[in-house]
Amino acid sequence: MARSALPAADLARVVVFAAFIAVLGLFPGVPVGGLVPIVVQNIGPLLAGAILGWKRGTAAVALFLAITAIGLPLLSGGRGGIAPFVGPSAGFLFGWLLSALVTGLVVERAVRRRLPVLLLATFLGVVADYVIGIPVYGAFLGSLGAGVVQSLVFVPGDLVKLVLAAVIAGLVHRALPDLLPRRASVS
Ligand SMILES: O=C(O)CCCC[C@@H]1SC[C@@H]2NC(=O)N[C@@H]21
């Protein structure tokens, strides 16, 4: 029998996490004067990476984005289809893939999954999203500087979300220590 790329248990986790990110879209986005809203949903990719690791976490985000792009109204405010992926939020949306990937890589490479490491991982996950999101936002606003200035409003909420994601991931890894393969500690 052909071996699948992802074992069934991993596939189930990916699907459950994609569904979880969709549920986060039930929280409405908060318009803050610019073209991109404050959302709760971007905690999803951080949690996906921090809990599932980079491969399964990124796969969960990719699945979520794919089913949104084909038309399911899973983004905050019940939006879906191609439009969000070619609009001012597009960079942030594609950045969610990088967010899960970077967060997951840091968590997986850590010897111990304690709060400081998890905080670093989710912080870098947010930065990774900004690295793609802000220039694309800036392109819609007319300059990178405008993208940076308009994105400052996201920082307080994203700091809260990254701390929350790190704490939740820490609790999950404490309860399920074998969820991710453990790197051997050098002692
Ligand atoms: O629903 C959408 O169209 C995507 C919105 C993307 C919002 C970005 S994610 C990073 C930053 N933090 C927020 O709260 N909003 C922006």
Side-chain angles (χ1 to χ4, degrees), residues 17-52 54 57-107 118-169:
F17 245 91
F20 170 65
I21 299 172
V23 168
L24 292 172
L26 293 174
F27 292 96
V30 180
V32 278
L35 303 172
V36 176
I38 291 180
V39 296
V40 172
Q41 205 162 27
N42 66 323
I43 196 175
L46 300 176
L47 284 166
I51 291 174
L52 297 186
W54 76 268
T58 308
V61 175
L63 176 61
F64 166 78
L65 294 177
I67 56 181
T68 302
I70 61 172
L72 268 71
L74 302 178
L75 293 172
S76 63
R79 289 163 306 116
I82 291 296
F85 295 91
V86 293
S89 294
F92 288 112
L93 286 174
F94 287 112
W96 289 357
L97 290 165
L98 202 57
S99 211
L101 187 143
V102 168
T103 304
L105 273 179
V106 175
V107 172
L118 294 165
L119 282 170
L120 174 69
T122 54
F123 172 76
L124 293 176
V126 168
V127 170
D129 190 25
Y130 285 9
V131 163
I132 304 181
I134 292 177
V136 172
Y137 192 13
F140 277 86
L141 293 169
S143 75
L144 178 61
V148 172
V149 170
Q150 289 290 327
S151 297
L152 289 176
V153 70
F154 303 136
V155 173
D158 285 345
L159 285 174
V160 172
K161 283 173 258 179
L162 78 85
V163 171
L164 210 56
V167 170
I168 293 170

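This chain uses plain numbering: 1 for the first residue, then up along the sequence. All values below were derived from every heavy atom in this structure, side-chain atoms included, with hydrogens, water molecules and symmetry-related copies excluded. First listed ligand is number 1; within each ligand, the first listed atom is number 1.
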Original post:
Hey, is N42 touching ligand 1 through its side chain, its backbone, both or neither, going by heavy atoms under 4.0 Å?
Top reply: side chain
Original post:
So how far is it from L47 CG to N42 CG, rounded to the nearest 0.5 Å?
Top reply: 10.5 Å
Original post:
Can you find an N or O of W96 that's nearer than 3.5 Å to an N or O of ligand 1?
Top reply: no
Subject >> Atoms in ligand 1 flagged as close to D129, the criterion being non-hydrogen separation under 4.0 Å >> reply: 9 (S), 10 (C)
Original post:
Quick check: does K161 get an N/O under 3.5 Å from an N/O on ligand 1?
Top reply: yes
**OP:** Starting at NZ of K161, measure out to CG of L46 and round the result to the nearest 0.5 Å.
**Re:** 8.5 Å
Original post:
Counting each atom of ligand 1 from 1 as listed, which ones have a heavy atom of L93 under 4.0 Å away?
Top reply: 4 (C)
**OP:** Taking all heavy atoms of Y137 and all of L35, pick out the closest pair and write down the distance.
**Re:** OH-N, 2.8 Å
**OP:** Give the numbers and elements of all ligand 1 atoms closer than 4.0 Å to a heavy atom of R79.
**Re:** 1 (O), 2 (C), 3 (O)
**OP:** Give the numbers and elements of all ligand 1 atoms closer than 4.0 Å to a heavy atom of S89.
**Re:** 2 (C), 3 (O), 4 (C), 5 (C)
Original post:
At under 4.0 Å between heavy atoms, which part of D158 makes contact with ligand 1: side chain, backbone, both or neither?
Top reply: side chain
Original post:
Between V39 and ligand 1, is there a nitrogen or oxygen pair with a distance under 3.5 Å?
Top reply: yes
**OP:** Decide whether an N or O pair under 3.5 Å exists between F92 and ligand 1.
**Re:** no
Subject >> Minimum-distance pair of heavy atoms, taken over all atoms of I70 and I67 >> reply: CG1-O, 3.3 Å
Original post:
To the nearest 0.5 Å, how far apart are CD1 in I51 and OG1 in T103?
Top reply: 11.0 Å
**OP:** Decide yes or no on side chain to side chain contact (heavy atoms under 4.5 Å, CB included) for D158 and Y130, but give the supporting numbers first.
**Re:** CA-CA 11 Å; D158 285 345; Y130 285 9; 2.5 Å; yes
**OP:** Taking all heavy atoms of L52 and all of G57, pick out the closest pair and write down the distance.
**Re:** CB-N, 3.8 Å
**OP:** Hey, could you give me the CD1/CG distance between I21 and L63, rounded to the nearest 0.5 Å?
**Re:** 8.5 Å
Subject >> Test item, P37 contacting ligand 1 (heavy atom, 4.0 angstrom) >> reply: yes
Original post:
For S76, is the nearest heavy atom under 4.0 Å from an atom of ligand 1?
Top reply: yes
**OP:** Check each heavy atom of Q41 against ligand 1 and say whether those closer than 4.0 Å belong to the side chain, the backbone, both or neither.
**Re:** neither
Subject >> Heavy-atom pair with the smallest gap, counting every atom of Q41 and L74 >> reply: NE2-O, 2.8 Å
